[in-house]
Amino acid sequence: MESSTLIGIAVALVVPFAGNTLGAAFVFLLRHGMSERFSKALVGFAAGVMIAASVWSLIIPSLEAAEGTGVPAWLPATVGFLSGVGFLLVIDHFTPHLHIGSDEPEGRPTTLKKPTMMMLALAIHNLPEGMAVGVVLAGFLAGDAGMTLSGVVALSVGIAIQNVPEGAIVSLPLVANGVSRFKAFALGVACGAVEPAGALLMVAIAGLALPVLPYLLAFAAGAMIYVVTEELIPQTQQGCHTNIGTVGVAIGFVLMMILDVALG
């Protein structure tokens, strides 16, 4: 196996997970929690990164990969995107979970405790990010001209950067709900393991049939946009300091765009 291939696999699987782990470690650094203003800025930043990644790293490559396949370029992107939204909609509907800042659980009725449902919410959130990195990695491994090692690195780094605040935003409320700091850290790390699992799933599916790559790229984009609109953006617009969340979105979007264009 070529060194570039090994690097691509290592970056895609390790870097985003490392970002999440670093964020979870904030439970040991922020002894008094996180201010509402700072939390909204970080959530907005994560949303901006995910929106930009969906466009620059997934939708546009999906359109490019569909060229010359005998179908309109927009068709795989449309089918994949809506399928990704539908996939997360089903998971969101059937999985009991609790979003940060909410007192009302979503999904099927359950007797699960609040910290467990908060952890499931993070797992649902992390899955699309892992799938996004995995499908770009799959294209690179398959030799698709539009998927490069630098593109894998750019997306992985972007996801890792936004995973840092996400890990902190989720692990800190676990402490506030009676979980020990070490256990909150361990649970945050465990939820982050969903990302490499999602990445490997996408690599396996794309490896079975490369022609589905345009659909999978858009599928990952749809799943990420679902998380942004259903969870992240609403968090930034609750209560006070809503403008700081909007600024965070703008900064996150621009940073991810720069990463993708400069490295990808």
Side-chain angles (χ1 to χ4, degrees), residues 8-20 45-65 76-77 79-89 91-92 122-142 144 146-164 166-167 191-207 212-232 252-253 255-257 259-261 263-264:
I9 295 173
V11 167
L13 298 182
V14 175
V15 172
F17 179 68
N20 187 85
F45 176 83
V49 169
M50 292 177 72
I51 294 171
S54 297
V55 175
W56 296 95
S57 300
L58 299 170
I59 293 294
I60 293 177
S62 173
L63 294 170
E64 293 173 345
V79 172
F81 186 88
L82 294 179
S83 298
V85 171
F87 175 70
L88 259 291
L89 183 62
I91 291 180
D92 200 51
L122 175 62
I124 294 173
H125 183 136
N126 283 349
L127 180 60
E129 297 167 7
M131 292 191 301
V133 175
V135 71
V136 174
L137 173 62
F140 165 68
L141 295 177
D144 187 287
M147 306 291 166
T148 63
L149 176 59
S150 57
V152 174
V153 172
L155 181 58
S156 298
V157 170
I159 295 297
I161 291 173
Q162 65 99 31
N163 274 351
V164 174
E166 280 185 4
C191 286
V194 172
E195 291 195 16
L200 290 174
L201 175 64
M202 287 293 102
V203 171
I205 294 175
V212 303
L213 183 61
Y215 296 89
L216 292 179
L217 286 163
F219 180 93
M224 288 180 69
I225 291 298
Y226 179 88
V227 170
V228 170
T229 57
E230 199 273 340
E231 179 183 350
L232 299 185
F253 185 94
L255 176 62
M256 185 64 228
M257 180 183 66
L259 278 173
D260 192 86
V261 174
L263 297 180

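Values in this document were obtained by computation on a predicted structure and should not be read as measured data. Just so you know, residue 1 is the first one in the sequence shown, and it goes up from there.
For Ser57, the side chain to side chain donor-acceptor pair (under 3.5 Å) partners are Asp260, not counting sequence neighbours. Scored by the side chain to side chain donor-acceptor pair (under 3.5 Å) test, Asn163 finds Glu195 as partners (sequence neighbours excluded). Glu230 meets the side chain to side chain donor-acceptor pair (under 3.5 Å) test with His99; sequence neighbours excluded.
Here the straight-line distance linking atom CG of Leu255 with atom CD1 of Ile161 works out to 5.0 Å at 0.5 Å rounding. For the atom pair Ser150 OG and Leu259 CG, the distance stands at 11.5 Å (nearest 0.5 Å). Separation of atoms CG (Asp92) and CD (Glu231) is listed at 8.5 Å; rounding is to 0.5 Å. Here the CZ-CD distance, from Phe17 to Glu129, works out to 13.5 Å after rounding to the nearest 0.5 Å. In this structure, CG in Leu89 is found 4.5 Å from OH in Tyr226, a value given to the nearest 0.5 Å. Ile60 CD1 to Leu217 CG: the interatomic distance, rounded to the nearest 0.5 Å, is 11.5 Å.
Closest approach of Met256 and Gly158 over heavy atoms only: SD-CA, 3.6 Å. When all heavy atoms are compared, the tightest approach of Phe45 to Gln162 is CE2-CA, 4.1 Å. Nearest heavy atom pair, residue Ile59 against residue Ala221, reads CD1-CB, 3.7 Å. Annotation for Leu88 and Ala223: closest pair CD2-CB, 3.4 Å, computed over non-hydrogen atoms. Nearest heavy atoms, Leu141 versus Ile9: CD2-CG1, 4.2 Å. Here the shortest heavy-atom pairing between Ser156 and Pro16 reads O-CG, 3.9 Å.
Not a single donor-acceptor pair under 3.5 Å links the side chain of Ser62 to the backbone N or O of Leu58.
Residues Leu232 and His125 form a side-chain contact, since some pair of their non-hydrogen atoms from C-beta on lies under 4.5 Å apart.
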Practice problem: Report the C-alpha separation of Phe87 and Leu127 in whole Å, then their side-chain angles, then the decisive distance to 0.1 Å, and conclude whether the side chain to side chain contact (heavy atoms under 4.5 Å, CB included) test is met. | Solution: CA-CA 11 Å; Phe87 175 70; Leu127 180 60; 4.0 Å; yes

